[in-house]
Each structure stands twice: as C-alpha cells, then as structure tokens.
Amino acid sequence: MPEADPQHREQRAEGVDRQADHAAIARLADELLPALIAKLGTTRLGELEVREGEWRVRLRRPFGTAPGEGRRSTDRPSRSQPGHEGHGHARPTPEAHRVARAGDPSGNGSRPHGEPDRSVATSPAVGIFRPGARAAAGTRVRAGDLLGTVDVLGMPQEVTAPADGIVGATLVEPETAVEYGQELVRIELVVPASPGPVGEGH
Amino acid sequence: MFRRILIANRGEIALRILRACRTLGIEAVVAYSEADRDSLPAQLADEAICIGPPDARRSYLSAPAVISAALVTGCEAIHPGYGFLSEDETFAEVVRAHDLAFIGPPPEVLDRFASKEGSRRLLGGLGLATIPGSQGMLRDDEHALDEAARLGYPVLIKPSAGGGGKGMRMVRTSRELESAIRVCRSEAKAAFGDDSLYLEKWLDDNRHVEVQVAVDRFGHGIHLGERDCSVQRRHQKIVEEAPTPALGTAAREQLAEAAVRAVVAAGYENVGTLEFLVDADGNAYFIEINCRIQVEHPVTEMLTGIDMVELQLRIAAGEPLGLRQADVELRGHAIELRINAEDPAHEFRPGAGTIERFHAPGGPGVRMDSHLYPGYDVPPYYDSLLGKLIVWGPDRPTAIARARAALEELVIDGVTTNVEIHRAMLENEAFLEGRMTTNMLDRIGSAAFLAAAAR
C-alpha cells in the first residue's frame, strides 16, 4: 500500500491543516499514484519514493509471490546448504568490517549467525533510530508492541518487540544510524509459569 | 572528485569499484544484503552497511534502502555497478533528488536510451546502420509476406511489446511465416496484452562486436576500441576479447568512430557500450546501448591501460575527460573468460556452496577479478559469476597460450564451475581461427561441444 507522510508541518492551524491535507491526499491518490504505479511496473525497482511538494509518496512492490519473498527482518537468512550452522570451519575474520560501522563504535550490535534471537528487537531497515516511550528500561511489553522507529528518508519504519517481556538495555544511542537487522533493544523474556510439552522439535 | 561513495552492488564488481576508489583516495562504503555479510567487498571496505535481506528486491533493488545507506554513512555519490539499479532512470532521478551523485549517465540520458527500439531509431538517425526491418507494424498476413519478401528470408518475427523471447520466431520460408505469425500474435497477446508484430532481417552466423565509448559532461567523447563477445550460450556472454578477429583494422576504426560520433550527437554522458551484430560480409548493425560499466570492461583496460571505473567516477564528478582520441592506444590482444558457478554436465545449472580451495593464477599479462576466498559461501540468490580470468599478450596466439596456462593453474574447489567449457573453447578450431559466431555453442549443443574437445 502507498503511504503518504507530510513534512515540515509546524505552525499551521490544525483544522485548516487537516482539510488541506485531505485535499492533498485525494489529489495525490487521483493524479500521482496511477502514474507511479505504472512507473514501478516498468522498472526493476522493489520500492519507489518520490517527493511531491511537501509530500513524500512511497510505493513498495508486493512480496509473497515467489520463494524467498515476504521474509521478515526477524527471520534468519535461510542458507541453502543443509547443516550450515554446524560445519565449523574457521572463517577469515568475518567480523572485521563491522568495527567501522556508523553509529556503532562498539562493533557488537549486529546479530550473529544463528537462530532468531527473540530477546532482541532489531532494525527493520537502514536509517536513523528513534526510540519511543515504550523503549524505556523496565517497561512491560507484548510481542508486536511499538518500541520506536527507524527513519528511512523521512519515512518511519516500526521497531517492534519480538516477544512478551520487560524492556532491558537499549543498545544504540537515539538519533544514530543503524543498519538493517541491527540489534536495538533488549527484551528480558517472561518465562511462562507452566512449561509446554517436552520432546517437540529437535 | 568525490570524498566518499557508496557501492551499491556485490561480488567481483563491488571489489573492482572498491579498488578504483583506493587508487583515487576515495573512501568506499559497501552496501550489502544479509546474504553477503561475509563477502570480500564487505570485509575490505572502509565501512560496510547491511541494507536488507537476501531478496534483492528488498536490498540491492530497493531505492530507499540504498539511498538511506548512502545518506547515513555520509556518502556523496552512489556507484550502482552493473545489473540491479545501474540503468534505472527512476532510481537515478531519486538519487539526484536526495542531492547525491549517480555514477553513470544522468537520468535524462538513461531515459532517452531506456527503450531498445527508441535507441535504434535515435542512433539510426545519427549515422549508425540498424538491422533492416519491416516498415511499421504488420497489418495482416499479406503485409507480412510482402515485407518478408522485400527483406529476404530468413526473418525474425518480433512483438512490439515486451521481451524474453515470447512471441518471437525465426522463419525461413513464406509457409513458415504464415503459420508462425498466428502463434506469435497469440503469444504476444497473452504475454503483453498487445499482439502487434514486426519483422527484422535474421542474420545467420552473426558476430557480436561492441564499441566502448566515454563522453564527459562537456560533450567531449572518445572510443576505447571494440570487444568481440561472440562466444555466447543462450545469449549469455562467456568469452570476450579484443581486438575482434571479425573485422580488419580500418573497419574497426570506422565502426568505433561512427559509434562515438553518434552518441556525442545524441547527448550521451559517461561510459557506455554500443552493441552491434556483424554479418558474414562484415556489415555492422547497431542493436542496443548499455549505459553502465560492463562485466567485460577489463578487456579494454588491458589494451588501453585506462582504468574504466576511474573514468566513470571522474565523469560523474563533472571533470573533463582529460584524454583525446590520440591518447588512446590499443596494444596487443586480451581475452576474458567468465568463470561461473554452473554445471556444464547438467544444463549449466547454477550452483552454490562453500569454496574449499581457491587459487588465482598469475604471471605476465594475467589478471583475475574475483571475490572468492577459501571458506566463502557462494550464496544461491544472485547471479553465478565467480570471477573473470583476463589475459593479455602481444598477439592473439600468445594471449590464447596464456589463457590455457592460466586456466590450468586456476583452482576453485567446492562448487562446480564452467571451466570445462573454456578448456574446450581454447582448443576449438573455429575459435582458434577467430571464426566464432553467437550461435556456435547453441547450435552444436554444449554437451557435444565438450565431447568433441575431449576426443
């Protein structure tokens, strides 16, 4: 779905503002969107964003029609080789480049290879991290709760809690650059009172 | 010149761009997908930033992800490499809207050359010969038969819309034409919602020859000679070389000069490649222009000593070329072999896996552009190019001898590669005599080709 987002809207009377916004959205939907949709159809772009006056419009190609699509940032990259995790030969310094990454001088913010870590909220995109009120340590959250946003070219992308729990440390300073998949907020998992059936899975 | 740029690509070309940046003292940030976290360019970059999941549509093809990465890492420009977003005028436009430079032609230029048909009309009007075709779309069977008779058989039936071989047939007689035209119409209608067809003269045993050009912002253009890319498998280039054995010195110069004159007149900017089909009589017909760096650019670098990526960066930064045509000297002979993770024994099925051992050959005139290292996992999500083995020699026989020796020395263990097809090609009589054509491999069939070489 196309999303629209106004910029620089301070100091305007709210009622007038809203009316003008509705008119602008209607105009964008009628005039700009069909042209943009057609344009997206003719290019190889997965996503497209344009500025129209003080509006930004983003189109994203729908995923989920081919294998590997619709993967969420919280999923692990599905390496094609079976048994990849266990084959244990040494890699030549795969971590070296991360030390220099923007906004992460400690170099330990990225998820290591392995199973999805349900105890850390990760970045859905490359952009600027803005923690929200529920990212404060000690806050009780449910899976899917909004912890903050990552700003991608003025478009906020949601950072959500991966599981029920209590918010722990925030691993990245507010307003710093983060990469896709970067660990942002730790969640202390709430251990269920009665354990589920034993012997499932592996 | 730029202080810091983002490389929005992967594999050997990301490494190649990184090397050019190092030479010029430009800081390079590599944007990578989750599948390329451990890749060599990501490791060697001044900074590396993950832009999305393995699915290219959400990483290497996502304009917001790539542009956001450039902005948050303080880059001034984006190098798109080849493939992905490299010739997308919409992307180039959005890059510019964010006050970043696009390292390639400006969006207006990409837009002008976005359609093959439009490019042919534009450059055809500026002195380049194009393949003879029907005048306008085919109205009915009678019109088709008349036009085919005028062009002379064989002819190729082509749909006006789309591509990918749908609605396309080569016919050798009027009877074939009559039955094929119905099939093509329904295929085109089904695939593109448009059943308009036209005819093009079919060139049997054609050669693929392309001219490398560079034009700066001030309309000053040069050519850097041509390359022969006739060795192909299903329209995929496998071997490239220069100079082309298909044309003599005078004909090569004439073609290159006509190409650069046409693109300068058309307002082209940055490096680009004009592709031609050359028929058995040496007539060259323009087919398309590639508005980007090409995989086979090292062939030209070996002959000229000019760094093509550096040229791209300088032009995009607004610098004048600083080279006159007389400064471009083409020396000796160069051959590039594309080493792909493909299995020649199984229909060239692309492979993936862990590189157990890797050794790049060396010696005089030998260059290997590859992102492989022992322990590297070749991901299954992208194209199968593992690297390019490029050799130079003072003449073609020396270059071929060096190519054979280098191929013997190359070690890639862990994934199946197409080196067998290269070994066979370097012993093939037509290739050794410089008579290769674009249909050679497909006509013989790769299996028969390999078997013949093994005897």
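Heavy-atom basis, side chains included; hydrogens, waters and symmetry copies ignored. Chain letters run A, B, ... following the sequence lines, proteins first and then strands; every chain starts at 1.
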Chemist: For chain B, find its close neighbours in residues 127-145 of chain A: heavy-atom separation under 4.5 Å, sorted by number, or none.
Modeler: A:Gly127, A:Ile128
Chemist: Using non-hydrogen atoms and a 4.5 Å limit, figure out which bit of B:Ile67 sits close to chain A: side chain, backbone, both or neither.
Modeler: both
Chemist: Just checking A:Glu158: does its CD atom have more than 12 heavy atoms from other residues, nucleotides or ligands closer to it than 6.0 angstrom?
Modeler: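 Not more than 12 within 6.0 Å, no.
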Chemist: Are there over 12 heavy-atom neighbours, none belonging to B:Arg22, within less than 6.0 Å of that residue's CZ?
Modeler: yes
Chemist: B:Ile51 vs A:Glu179, test: side chain to side chain contact (heavy atoms under 4.5 Å, CB included). Steps then yes/no.
Modeler: CA-CA 6 Å; B:Ile51 56 168; A:Glu179 63 177 5; over 6 Å; no
Chemist: Give a yes or no answer on whether the side chain of B:Ser68 reaches the backbone of A:Val126 with a donor-acceptor pair at less than 3.5 Å.
Modeler: yes
Chemist: Let me know which of B:Ser59, B:Ser33, B:Cys50 forms a side-chain contact (heavy atoms from CB on, under 4.5 Å) with A:Tyr180.
Modeler: B:Cys50
